[in-house]
**Q** 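Below is a structure I'd like to ask you about.
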Amino acid sequence: MTGARPLARRGLMFILSSPSGAGKTTIAHRLLAADGEIRPSVSATTRPPRPGEVDGEDYHFVSDEEFDRMVADHEFYEWAHVFGNRYGTPKAHIRADLKEGVDFLFDIDWQGAQQLRQKDNQDVVSVFLLPPSIEELGRRLRSRGTDSDAVIGARMARAQDEISHWDGYDYVVVNDDIDACFTTVREILEAERIKRMRQTGLIDFVRDLMKPVNL
Ligand code: 5GP
């Protein structure tokens, strides 16, 4: 498209889900670092911060009471119970920014993905990452070293439950190799961006291509 301005397009809601330990956080961070057109949707949670997590960046860490208030004031697109804590996607400016062509990345579970799809089917693109094997998943969960055995055991059970929801997603990628997985996820994002229905500038662009010309 030499010399042409990029066509206006509608943004999309890019959901990445996976069982804990399948690489979702790594892929999400790489995507945000590599791609200037996508922003993270920062969830609110009642779980306490882990070492190194930053309030307002990783999550908005809120009290139970504050979470209750946000639910009552309809401040969430969706929210769910996960591992005994609550997590929710604040609406904030998402709708308005989508219109302006901004994409949002959601690191949420299958319950969130399902709720977002019910609310805004057209804008949602969902990707589910799977580990290459259950043994590898166990190894990855243990090697983190941040949680106790009891927590790891609960996460393993939860991971298998999460895996059972694979068929609610648009795309399923097996994360055997992190670089290959990242490339695939980027390709999905790029292809979804140029879907005809998202390219709101196309009508005028094509009209211009079809105007009478004197050669
Ligand atoms: P973690 O506590 O390990 O950061 O996240 C636990 C799980 O909660 C992950 O599967 C993550 O995707 C999910 N999660 C994080 N934020 C949200 C949210 O806003 N909504 C929903 N439904 N799930 C979330």
Side-chain angles (χ1 to χ4, degrees), residues 13-32 38-64 66-71 73-95 104-120 123-131 137-138 140-166 168-173 175 181 185:
M13 302 167 99
F14 199 62
I15 301 179
L16 263 188
S17 300
S18 79
S20 171
K24 176 185 54 178
T25 307
T26 310
I27 297 287
H29 284 154
R30 282 181 68 168
L31 202 55
L32 290 169
I38 193 162
R39 285 189 209 151
S41 158
V42 180
S43 297
T45 181
T46 56
R47 97 153 153 71
R50 299 202 185 104
E53 284 184 332
V54 179
D55 188 30
E57 278 181 29
D58 298 286
Y59 284 105
H60 300 289
F61 295 99
V62 299
S63 63
D64 269 319
E66 176 65 2
F67 203 95
D68 287 341
R69 188 202 58 76
M70 293 175 83
V71 173
D73 290 347
H74 307 286
E75 288 184 16
F76 289 123
Y77 245 121
E78 62 78 32
W79 68 271
H81 288 274
V82 187
F83 308 131
N85 291 302
R86 288 181 293 171
Y87 295 78
T89 302
K91 287 184 193 158
H93 307 292
I94 290 178
R95 276 233 161 99
F104 285 93
L105 178 64
F106 296 81
D107 171 346
I108 59 178
D109 79 338
W110 67 272
Q111 305 172 81
Q114 203 176 59
Q115 291 180 62
L116 277 193
R117 189 174 287 293
Q118 273 162 12
K119 291 207 170 134
D120 193 348
D123 295 324
V124 168
V125 176
S126 61
V127 181
F128 194 67
L129 305 181
L130 285 175
L137 184 70
R140 289 181 193 171
L141 284 181
R142 276 189 302 278
S143 69
R144 279 183 179 180
T146 54
D147 297 313
S148 67
D149 280 358
V151 170
I152 291 169
R155 282 188 174 235
M156 196 70 187
R158 174 83 199 182
Q160 289 179 313
D161 179 55
E162 181 89 17
I163 288 169
S164 72
H165 298 284
W166 64 278
Y169 287 77
D170 298 318
Y171 299 90
V172 179
V173 183
N175 182 7
C181 180
V185 170

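None of the values given here were measured: they were computed from a predicted structure. Note that ligands are numbered from 1 as they come in the structure, with each ligand's atoms numbered from 1 the same way.
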**Q** Report the part of Q115 in contact with ligand 1, treating N, CA, C, O as backbone and CB onward as side chain, heavy atoms under 4.0 Å; options are side chain, backbone, both, neither.
**A**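 Looking at Q115 and ligand 1, no heavy atom falls under 4.0 Å.
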**Q** Taking 4.0 angstrom as the limit and counting only heavy atoms of G112, give me the atoms of ligand 1 inside it, by number and element.
**A** 22 (N)
**Q** I'd like to know whether ligand 1 has W79 as a neighbour, heavy-atom separation below 4.0 Å.
**A** no
**Q** Could you check whether any side-chain N or O of D120 sits under 3.5 Å from a backbone N or O of L116, counting only pairs where one atom can act as donor and the other as acceptor?
**A** no
**Q** Does atom CG (D73) have a neighbourhood of more than 12 heavy atoms from anything else shown, all under 6.0 Å?
**A** yes
**Q** In Å and rounded to the nearest 0.5 Å, what is the CG to NZ distance from D107 to K24?
**A**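 D107 CG to K24 NZ: 4.0 Å, rounded to 0.5 Å.
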**Q** Tell me, please: is F83 in heavy-atom contact with ligand 1, that is, under 4.0 Å?
**A**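 The answer is yes: ligand 1 sits under 4.0 Å from a heavy atom of F83.
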**Q** Any nitrogen or oxygen of Y87, main chain or side chain, under 3.5 Å from a nitrogen or oxygen of ligand 1?
**A**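 Looking only at distances, the answer is yes, because the N/O contact criterion of under 3.5 Å is met.
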**Q** Between F76 and Y87, is the ring centroid distance below 6.0 Å?
**A** no
**Q** Only heavy atoms of G88, strictly under 4.0 Å: list the atoms of ligand 1 that pass.
**A** 18 (C), 19 (O)
**Q** Should the pair W79 and F67 be assigned to parallel (<30°), tilted (30 to 60°) or perpendicular (>60°) ring geometry?
**A**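 If you compare the ring of W79 with that of F67, the planes turn out perpendicular.
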**Q** Only heavy atoms count here, so choose which of N85, D107, L116 is nearest to atom 14 (N) of ligand 1.
**A**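 Going through N85, D107, L116 one by one, D107 has the nearest heavy atom to atom 14 (N) of ligand 1.
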**Q** For R155 and ligand 1, answer yes if some heavy atom of the residue is under 4.0 Å from a ligand atom, otherwise no.
**A**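 For ligand 1, residue contact (heavy atoms, under 4.0 Å) with R155 is present.
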**Q** Is E53 reaching over with its side chain to a backbone N or O of R50, donor-acceptor style, under 3.5 angstrom?
**A**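 A pair under 3.5 Å: yes.
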**Q** What atoms in ligand 1 come closer than 4.0 Å to a heavy atom of A80?
**A**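 By the 4.0 Å cutoff, the relevant atoms are 22 (N).
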**Q** Which atoms of ligand 1 have any heavy atom of D109 under 4.0 Å away?
**A**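 Under 4.0 Å from D109, ligand 1 has these atoms: 10 (O), 12 (O), 13 (C), 21 (C), 22 (N), 23 (N), 24 (C).
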**Q** Quick one: does S43's side chain have a donor or acceptor within less than 3.5 Å of a partner on Y59's backbone?
**A**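 Flag not set: sc S43 to bb Y59 has no pair under 3.5 Å.
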**Q** With a 4.0 Å cut-off on heavy atoms, does R50 reach ligand 1?
**A**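 A heavy atom of R50 does come that close to ligand 1.
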**Q** Calculate, to the nearest 0.5 Å, the distance between atoms CG and CD belonging to L137 and Q160 respectively.
**A**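 The CD atom of Q160 is 8.0 Å from CG of L137, to the nearest 0.5 Å.
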**Q** Any nitrogen or oxygen of E78 lying under 3.5 Å from a nitrogen or oxygen in ligand 1? Just yes or no.
**A**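 Yes; the residue has a nitrogen or oxygen that sits under 3.5 Å from a nitrogen or oxygen of the ligand.
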**Q** Using a strict 4.0 Å cut-off to heavy atoms of K24, name the atoms of ligand 1 that fall inside it.
**A** 9 (C), 10 (O), 11 (C), 12 (O)
**Q** Tell me, please: is S20 in heavy-atom contact with ligand 1, that is, under 4.0 Å?
**A** no
**Q** I want to confirm something. Looking only at heavy atoms, which of Y77, Y59, F76, F106 is nearest to atom 15 (C) of ligand 1?
**A** Y59
**Q** Within 45° of the six-membered ring axis of F83 and under 6.0 Å from that ring's centre, is NZ or CZ of R155 located there?
**A**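 Yes, a cation-pi geometry holds between R155 and F83.
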**Q** From L105 CG over to L32 CG, what is the distance, rounded to the nearest 0.5 angstrom?
**A**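 Going from CG on L105 over to CG on L32, the span is 5.0 Å.
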**Q** Report, in ascending order of atom number, the atoms of ligand 1 lying under 4.0 Å from any heavy atom of R47.
**A** 1 (P), 2 (O), 4 (O)
